[in-house]
Amino acid sequence: MSISHAPPDPDVVTESPAPEAVLADSDADSVGDPELVRLVPSSTRRTRVPRWLRRTSGPVLLLILWQLLSSTDVLTADVLASPGTIARVAGDLFSDGSLPNAMGVSLQRVAIGLLFGVVVGTGLALVSGLFRVGEDLVDASVQMLRTVPFVGLIPLFIIWFGIGEAPKIAIITLGVSFPLYLNVYAGIRGVDAQLIEAGESLGLSRWGLVRHVVLPGALPGAMTGLRYSLGISWLALVFAEQINADAGIGFLMVQARDFLRTDVIVVCLIVYAFLGLLADFVVRTLERLLLQWRPTFTGR
């Protein structure tokens, strides 16, 4: 009995399963689906120390060092009061209402001056940044005026506006306007020209380009300018409240200087610092809300 083998058909291709496939099929039923393990780079792993603790460690260590120097009489009370004395004085100023009233007056001055400064600085930046004619008419004058120290204009403002609230608001407005102008102007002129060409090719009008391309592109610079302006507004307030002020944090500092009360002066400086920090926190929160479309590097 002979067995004949038919020749293999060249059009039919038979494949033998690979050993790995056979092993995978046999193990799939017994082992199950493999689990995926996410690999996290070592540079992005969070440390065990909370971030709020790291951020507060520096001021706390400085406060401890200050208290140690005061306890060992390295810093005497007539040079710089101890943290405990300053805390007690701050409580007394809050209890009699003098410090809250002074904070209210100073915040009102900063708010009005900041509002006027934002309007003036942003308006001049838009005119100078969007129009070449506006740049020729405005930019040279602003660049010349910003080199003049605004503190040196205090005597001139007193002559112009008297000794009331007007010169104080004018000093804050002047100090706020210039950094905002510079950053908004730089933001407008820093918009990529290819984005302008793309908008024109899509049929956007001039106002459409400004609204959808130029202003969003200049917004990061505007927020940076606003943060600088807030810092300068508190600096301008310190000088403004030296102009025959009868209320405000600066008025308390002048009184404390006359009576050699370093503890009250330090309390006022701490209040200035905390108000400035609070204002910067508000702007940073606003920046995160308005610039969600722009992912940035946040550090590792």
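In this structure, L275 and V271 have side chains that are in contact, with non-hydrogen atoms separated by less than 4.5 Å. Looking at M223 and L286, their side chains come closer than 4.5 Å, going by heavy atoms from C-beta outward. For the pair Y185 and E135, the minimum side-chain heavy-atom distance is below 4.5 Å.
Note: the hydrophobic cluster containing L156 also contains I158 (ILVMFWY, side chain heavy atoms under 4.5 Å, direct or indirect links).
Under the 3.5 Å distance criterion, the side-chain polar atoms of S128 are left unmatched by any main-chain donor or acceptor of A125. Put simply, the side chain of S106 gets close to the backbone of I249: a donor and an acceptor are under 3.5 Å apart. No donor-acceptor pair under 3.5 Å is formed between the side chain of S70 and the backbone N or O of Q67. Under a 3.5 Å cut-off, the side chain of T122 and the backbone N or O of V119 do not form any donor-acceptor pair. In this structure a side-chain-to-backbone donor-acceptor pair under 3.5 Å is missing from D280 to G276. Formation of a donor-acceptor pair under 3.5 Å by the T224 side chain with backbone atoms of P220 is found in this model.
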Dump the intermediate steps for salt bridge (Lys or Arg N to Asp or Glu O under 4.0 Å) on K168 and E241, then the final yes or no. CA-CA 7 Å; K168 302 176 181 60; E241 290 185 335; over 6 Å; no
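The number of heavy atoms from other shown groups lying within 6.0 Å of CZ (F161) is above 12.
Applying the side chain to side chain contact (heavy atoms under 4.5 Å, CB included) test between S233 and each of V110, T173, I171 identifies V110 as the sole match.
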